[in-house]
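All chains are named by letter (A, B, ...) in the order of the sequence lines, taking the proteins before the strands, and each is independently numbered beginning at 1.
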Amino acid sequence: MTEVLAHYLSLLNEQQKQAVEHSGSPLLILAGAGSGKTRVITTKIAYLISEKGFKPWQILAVTFTKKAAKEMQDRAVQMEGQADQSMIRTFHSFGSWFLRKYYEEAGVAQNFTVYDDDDMVTLVSKANPGLEHKQATSAAHKISLAKDYCLLPDSPGLAEISSDPNFPDIYKNYQNRLRSTGNVDFGDLIMLPVLILQKFPQVKAQMSYRFKVIMVDEYQDSNIAQFKLLRELCSDGSDGNEPTYVCVVGDDDQSIYKFRGAEVQNILNFQDEFPGTTLIKLERNYRSTAKILNCADKVVSNNEDRLGKTLIADRGEGKKPVLTFLPNQDLEAKFCADLILGAHAKGVPFNDWAILYRTNAQSLSFESEFLHQKIPYAVIGSLKFYEREEIKDMLAFLSLCANPRDEISFRRIINKPTRSLGEKTQDKIVEEFRKNEVPENLIEVTRSLMPSMSKKAKEGAAQFISIMDQLIGELPYVEIQEEDLSEQALADETKTAEQKSLQTKIDSSKHLSDFVQKIMEITGLEEYHAAQDEIAKTQKVANMQELVNSAVLYEYSTKGLIEFIDHIELDRTMENEEDAGADTVTLITLHNTKGLEFPRVVITGLEAGIFPRQDKSGSELEEERRLFYVGITRAMDELYITSCSMRRLYGRTQMMEPSQFLAEAGSESFKVLGSKPASYEYKVAGSGLGNSLKPKGEWAVGTKIYHDDYGYGVVTKNFEREGEMVIFVQFESGGTKTFLPEYQKHSLMKVKD
DNA sequence: CCCGTCGTTATTTTT
DNA sequence: TAACGACGGG
């Protein structure tokens with residue numbers, strides 16, 4: 001064993017070590033939040049290579065985010081250099097690799113690109129001309145969901161997705177149209193490989209020959225299609241190949257993507273699906289202090305549908321989480337700002353902090369307050385760079401260069417800037433294109449249709465064709481060759497050397513960014529968007545320039561082009577590498593925090609209707625609860641939770657009730673600040689408050705009052721507790737609040753009738 | 001083709 | 001409230 005690996009092994013606890021060293025049967029690792037899951041997977045990869053005799057390319061590890069994949073690869077390579085040859089990818093990126101290899105079996109172009117949700121809607125509309133935009137959006141969404149469940153237009157289970165009798169046809173029309181573009185959508189990246197593996201035994205055999213180990217991270221968020229893919233990739237040994245070693249890692253308590261087709265049942269039933277499974281639980285938590293973990297545990301134990309495990313804190317008691325009731329969202333933002341600035345004055349960096357919220361819209365009040373108070377912040381995952389108009393325009397040119405059958409990209413840019421080629425002309429071209437049995441090329445069809453066009457359109461078409469000719473002729477063609485990692489090829493060093501020398505023939509003084517720059521210039525997009533910038537004071541040209549810059553890492557060839565497009569399509573999170581080290585507060589939705597940790601966390605908006613979102617019950621409510629659990633377990637040292645009694649929603653100010661999750665956490669979980677709403681008191685204390693309702697002082701029941709923050713109301717209860725007077729007030733705006741009048745002199749007053 | 005105005009509609013979204 | 005899409009007049 002290498003010294004490095006021995007060192008990393010020595011860092012593990014007993015369960016972690018067991019998980020790393022286990023072999024011989026399927027393995028399910030139930031890894032609680034902060035239990036060193038990534039450390040286990042990466043060490044296991046290194047261990048398999050260096051101790052168990054696996055070749056690195058026999059190992060496939062899949063994750064859900066590009067970031068996680070990158071981190072996993074980096075850390076594995078640190079321990080075992082050969083791990084750079086292991087395939088560590090996202091599910092979708094694996095699917096993309098697979099489909100480029102078996103593009104003929106899949107019936108797609110080898111140079112396919114991936115259509116996003118917007119493109120799907122457009123294609124649904126084109127394939128089903130009768131649909132209104134709204135219907136098309138809904139159908140596109142359902143098609144995605146169907147693919148997540150691996151359902152085809154003729155699958156009986158499709159009725160579960162949509163009861164609309166037309167839906168199967170809509171789906172079928174869409175599929176036909178999609179296939180004629182040669183492209184795929186996100187769902188296809190998983191579903192098509194499953195279908196191919198089921199249909200072609202030799203492909204299945206090749207895969208089980210290639211991959212001897214398959215590991216899946218965040219398994220609780222896998223969907224049915226991904227489960228099927230895993231199933232198909234695994235050999236049970238009956239095909240003559242050795243059985244595949246399967247190891248999945250996940251936490252059923254952190255399953256938060258049901259709405260996107262994720263199926264917790266995958267992890268709950270894993271042991272039934274893979275007989276003989278060994279189960280290892282990682283319950284020691286290295287991230288959070290005990291009081292934070294207790295709170296998390298209290299919350300999630302309200303769920304029924306779980307395997308059940310208890311996290312054990314490794315870091316001592318720590319501070320009790322603080323629950324603060326605030327009057328409204330502006331004061332909530334101010335409260336956060338004060339916390340952060342107060343800590344900053346004592347030397348706590350902004351970096352330590354994350355503000356978590358349920359919906360993106362909630363970031364606004366924090367942004368304006370932080371701007372005002374000069375607190376640096378970064379909003380994670382909001383306005384998506386790649387969804388901006390100018391970027392999509394550029395990408396459309398890039399995609400059309402890669403795959404000239406791409407109808408959606410073609411339509412997007414043929415008339416932008418305007419070249420008198422409106423929708424009618426486009427329809428004509430696409431119709432002609434689709435007539436041909438053998439896949440045609442949209443540019444060539446346009447060329448061939450020029451004689452039949454009006455004079456104006458003809459000029460525009462000539463211009464467009466000339467642009468495309470220049471671009472397509474520009475890049476040197478390089479075969480997208482599968483890196484040949486069979487044992488033979490790797491053993492044959494001469495061949496490897498040959499391959500290397502072949503690679504170096506590419507003009508390395510040029511980068512793909514030169515090509516992207518050229519697109520900007522010769523297509524007229526730069527002028528077009530510069531004009532828009534003038535009018536609307538936008539940053540479109542600057543954004544385009546940023547896209548150019550990001551292409552600098554890619555080869556100046558058709559291969560580099562495909563890799564660049566893949567990179568963008570399979571990772572839409574625009575995390576600026578430069579900004580990564582900056583000292584900023586993180587503003588982030590709860591969903592986006594998965595896998596992250598922060599020393600200090602504020603979970604905001606714990607109000608009924610916001611979190612949990614209204615109309616949630618049963619399993620959906622359990623998912624919301626898990627989301628809260630995920631949020632709580634992000635915190636290392638300090639956890640703050642806020643709840644407002646009023647909130648502006650859709651332009652209307654509403655009274656809010658505290659989230660039921662607060663009461664579920666129990667009264668011991670938090671130190672409570674701010675005036676507690678009556679309903680919270682009731683639920684937490686289990687009442688007992690109603691005992692001493694003796695009218696006292698001037699605050700008799702029935703007294704009309706006015707409160708600065710909540711407006712007019714009536715005292716409904718009045719009693720004494722711990723020697724202090726407590727009143728309940730029912731406000732006209734609908735909510736009830738509890739006050740200690742002694743401390744509300746400045747904002748609470750009696751009013752005359 | 002461009003621009004203003006009106007009406008509609010508001011989750012979460014690794015890929 | 002605000003943001004975005006649809007529509008109609010210039």
Practice task
Would you name the heavy atoms of A:I267 and A:D251 that are closest together and state the gap between them?
Solution key: CD1-N, 4.0 Å
Protein-nucleotides 8-11 of chain B N/O pairs under 3.5 Å:
| residue | atom | partner | partner atom | Å |
| --- | --- | --- | --- | --- |
| B:dT9 | OP1 | A:K134 | NZ | 3.3 |
| B:dT11 | O2 | A:R358 | NH2 | 3.2 |
| B:dT11 | O2 | A:R613 | NE | 3.2 |

Problem - Whichever of A:N415 and A:D221 has its nearest DNA chain B nucleotide further upstream toward 5' - result: A:N415
Exercise for the section: Quickly work out the A:N328 CG to C:dT1 C1' distance and round it to whole Å. Expected result: 15 Å
Problem - Ion pair check, A:D74 and A:K70, cut-off under 4.0 Å - result: yes
Practice task
Looking at every strand, decide which applies to A:S93 at a 4.0 Å heavy-atom threshold: base, sugar-phosphate, or nothing.
Solution key: nothing
Problem - Note: A:E597-A:R287 ion pair, threshold 4.0 Å (strictly below) - result: yes
Problem - Under-4.0 Å salt bridge between A:E607 and A:R647 - result: yes
Per-pair distances, 0.1 Å, donor-acceptor, side chain in residues 129-137 of chain A, under 3.5 Å, sequence neighbours excluded:
| residue | atom | partner | partner atom | Å |
| --- | --- | --- | --- | --- |
| A:Q135 | OE1 | A:E132 | N | 2.8 |
| A:T137 | OG1 | A:H133 | O | 2.8 |

Fill in the blank from the handout: A:R626 atom CZ is separated from B:dT14 atom P, nearest whole Å, by 18 Å
Exercise for the section: Could I get the full list of side chain to side chain contact (heavy atoms under 4.5 Å, CB included) partners for A:L596, not counting sequence neighbours? Expected result: A:K67, A:I588, A:F598
Practice task
Could you tell me whether A:R412 and A:D406 make a salt bridge, using a distance below 4.0 angstrom between a side-chain N and a carboxylate O?
Solution key: no
Exercise for the section: Look at A:D188 together with A:R179 and state whether they make a salt bridge at an N to O cut-off of under 4.0 Å. Expected result: yes
Practice task
May I have the distance from A:L621 (atom CG) to B:dT12 (atom C1'), rounded to whole angstrom?
Solution key: 15 Å
Fill in the blank from the handout: Residues in residues 255-266 of chain A with a heavy atom under 4.0 Å of DNA chain B, by number, are A:Y257, A:F259, A:R260
Fill in the blank from the handout: The reported gap from CG in A:D393 to NE2 in A:H529 (rounded to nearest 0.5 angstrom) is 4.0 Å
Handout entry: Interatomic distance, A:K416 NZ vs B:dC2 P [rounded to whole Å]
Key = 11 Å
Problem - 5′-ward residue of the pair A:L627/A:T90 relative to DNA chain B - result: A:L627
Completion exercise
Letter by letter from the 5' end, nucleotides 4-10 of chain C scores (B base, S sugar-phosphate only, - none; protein heavy atoms under 4.0 Å) --S----
Exercise for the section: Name all residues meeting the ring pair (Phe, Tyr, Trp, His ring centres under 6.0 Å) criterion together with A:Y528; count only those two or more places apart in sequence or in a different chain, and write none if there are none. Expected result: none
Exercise for the section: Identify whether the distance between the nearest side-chain nitrogen and carboxylate oxygen of A:R358 and A:E624 falls below 4.0 Å. Expected result: yes
Problem - Atom-to-atom span, CD1 of A:I380 to P of B:dT14 - whole angstrom - result: 13 Å
Exercise for the section: Check the distance between B:dT12's C1' and A:N592's CG and give it to me in whole angstrom. Expected result: 9 Å
Practice task
Flag yes if more than 12 heavy atoms outside A:H141 fall under 6.0 Å of its NE2 atom; otherwise flag no.
Solution key: no
Practice task
Figure out the CD/C1' separation between A:E367 and C:dA2, and round it to whole Å.
Solution key: 14 Å
Exercise for the section: Determine: side-chain N/O of A:T589 to OP1/OP2 of B:dT13, distance under 4.0 Å, yes or no. Expected result: yes
Exercise for the section: Round to the nearest Å and state the distance from A:D217 atom CG to B:dT15 atom P. Expected result: 13 Å
